[in-house]
Amino acid sequence: MKNRKVKSNRAQADYFELLVCQYICHLYNVTFSYSKDLAKLSNKILILPDGKARLKLQNNNFIKIQPKIKEILDYEIGQKGKVVRVIWVGRNLLIETTSDVDAEHINKQRTRFSIKSIANTGTGTLKNLGARQIKNFLGVDFSKQYEEMWLKLRNYLNDLGAPQEKLKKKVQRNQKLLKWATENGRKYQIELNELCFNAFNSLSTKKKIDFLNFITDCNDDNLYVIIVNSVDVIIYKPIEKKLKIIKSIEAKKDKLTDVGYAIYIDGKPTYRVQTNNTNGIGISAYCQRIFWI
DNA sequence: CAACAACTATCAGCGACAAA
DNA sequence: TTTGTCGCTGATAGTTGTTG
């Protein structure tokens, strides 16, 4: 499935989430109200390059997590009563929750699932922080630099008027322009990384904890994360990772990179941080992404 | 000139894939 | 295999254009 352009089509993730919804409905005899969405998504994936392989991958991954989902829900039903409704949260509640699928119990409490389906290995992005969250949590405002990046690119292209989107496409289609834009953008990646690195270490311990708790979405007792890839199924409850009293949280740049760093919790490397443009270096907004180590 | 449409920019979710 | 780098998608908020 080597097709960079459509590598992580959203439809695949949505399709996977709906398979899980459907399965839960089937298990507990609840109405599945997303049949049409599921059919649409299936068709959408099929017309992509290697569409059949894409569907097959999702179906195979799905089979692997079925018993786990059942195990969790059987336990939760013991606590919260039977499942009466299944809600496809999808991307409707960005920031508020990372849940993709909610099972509602008869007592109105929910059991929530954040689900990641990965073709090969890895655990996926834990969080992708846009400018808003970078400013919120780290107090770093990078808008001036971002404007400057674009102004330089515009000067190079000798086009001060065209919409960014148009210029972006133009640059993407031309290797020479793209090379220039990438070089231009890289400087800012490094600068933002440095700013965020220092900002993080300057935060009070409490604010560091707030930030990391946001990263893991670990304030929700009802949430489970399920990651499935080619080698295994990883399940955890984010709330179990909630940071309480700790001695030290520190960002360290012990790696080779100048666009990332690691965050150590009590001396243990726990998170990797990446500072990048979100849609291509030098031609899009900056962000930070956080991964498990 | 308000109301609606169309277009633009940003954000954050998704996770692929290359390098080490 | 593990670690590091980074792009695509679609929702939404914001902006500009159009029309009755």
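Reminder, nothing fancy here: chain letters follow the sequence lines and each chain counts from 1.
Side-chain rings of A:F137 and A:F214 approach one another, their centers coming within less than 6.0 Å. Ring to ring, A:F291 and A:Y271 are not that close: their centroids are 6.0 angstrom or more apart.
Separating the CZ atom of A:R272 from the P atom of B:dG15 is a distance of 15 Å, rounded to the nearest angstrom. Atom CZ of A:F291 and atom C1' of C:dT5 are 8 Å apart (whole Å). The NZ-C1' distance, from A:K40 to C:dG10, rounds to 14 Å in whole Å. Put simply, CZ on A:F214 is 7 Å from P on B:dG13, counting in whole angstrom units. The nearest whole Å value for the distance from the CZ atom in A:R54 to the P atom in C:dT9 is 10 Å. The interatomic distance linking A:I118 (CD1) with B:dA16 (P) rounds to 6 Å, in whole Å. Following rounding to the nearest Å, A:N128 (CG) and C:dA11 (C1') show an atom-to-atom distance of 14 Å. The CD-C1' distance, from A:Q172 to C:dC8, rounds to 10 Å in whole Å.
A:T278 comes within 4.0 angstrom of a nucleotide base, judged by non-hydrogen atoms across all strands. Counting any heavy atom pair closer than 4.0 Å across all strands shown, A:I293 reaches no nucleic acid atom. At a threshold of 4.0 angstrom between heavy atoms, the contacts of A:G124 include nucleobase atoms, whether or not backbone atoms are also involved.
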Could you go over nucleotides 7-9 of chain B and give all protein N or O partners under 3.5 Å, atom names and distances?
{"residue": "B:dT8", "atom": "OP1", "partner": "A:K166", "partner atom": "NZ", "Å": "3.1"}
{"residue": "B:dA9", "atom": "OP1", "partner": "A:Q164", "partner atom": "N", "Å": "3.2"}
{"residue": "B:dA9", "atom": "OP2", "partner": "A:Q164", "partner atom": "N", "Å": "3.2"}
{"residue": "B:dA9", "atom": "OP2", "partner": "A:E165", "partner atom": "N", "Å": "3.0"}

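Of the candidate nucleotides C:dC6, B:dA16, C:dT3, B:dA16 has the atom nearest to the side chain of A:A119.
Phosphate contact (OP1/OP2 of C:dC6, side-chain N/O of A:Q189, threshold under 4.0 Å): present. Distances shown here put a side-chain N or O of A:N276 below 4.0 Å from the OP1 or OP2 atom of C:dC6. For B:dC11, neither phosphate oxygen OP1 nor OP2 lies less than 4.0 angstrom from any side-chain nitrogen or oxygen of A:Q133. The phosphate of B:dA16 has neither OP1 nor OP2 within less than 4.0 Å of any side-chain N or O from A:K116. Listed pair A:R289 / B:dG15 fails the phosphate criterion, with no side-chain N or O lying under 4.0 Å from OP1 or OP2.
A donor N or O paired with an acceptor N or O is not found under 3.5 Å between the base of C:dG7 and the side-chain atoms of A:N279. Side-chain atoms of A:T257 and base atoms of C:dG4 include no donor and acceptor less than 3.5 Å apart.
There is no side-chain donor-acceptor pair under 3.5 Å between A:N222 and A:K237. Between the side chains of A:Y75 and A:K70, no donor N or O sits under 3.5 Å from an acceptor N or O. Side-chain contact annotation: A:Y286 with A:Q145, donor-acceptor N/O pair under 3.5 Å absent. Side-chain contact, A:Y15 with A:N59: a donor N or O sits under 3.5 Å from an acceptor N or O.
The side chain to side chain contact (heavy atoms under 4.5 Å, CB included) search around A:Q22 returns A:L19, A:F32, A:L38, not counting sequence neighbours.
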Kindly determine whether A:Q189 and A:T275 satisfy side-chain hydrogen bond (donor to acceptor under 3.5 Å, both in side chains), including the steps that lead there.
CA-CA 6 Å; A:Q189 283 191 336; A:T275 308; over 6 Å; no
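Comparing A:Y286 and A:I115 against DNA chain B, the residue whose closest nucleotide sits nearer the 5' end is A:Y286. Nucleotides of DNA chain C nearest to A:V231 and A:Q274 differ in position, and the one nearer the 5' end is that of A:V231.
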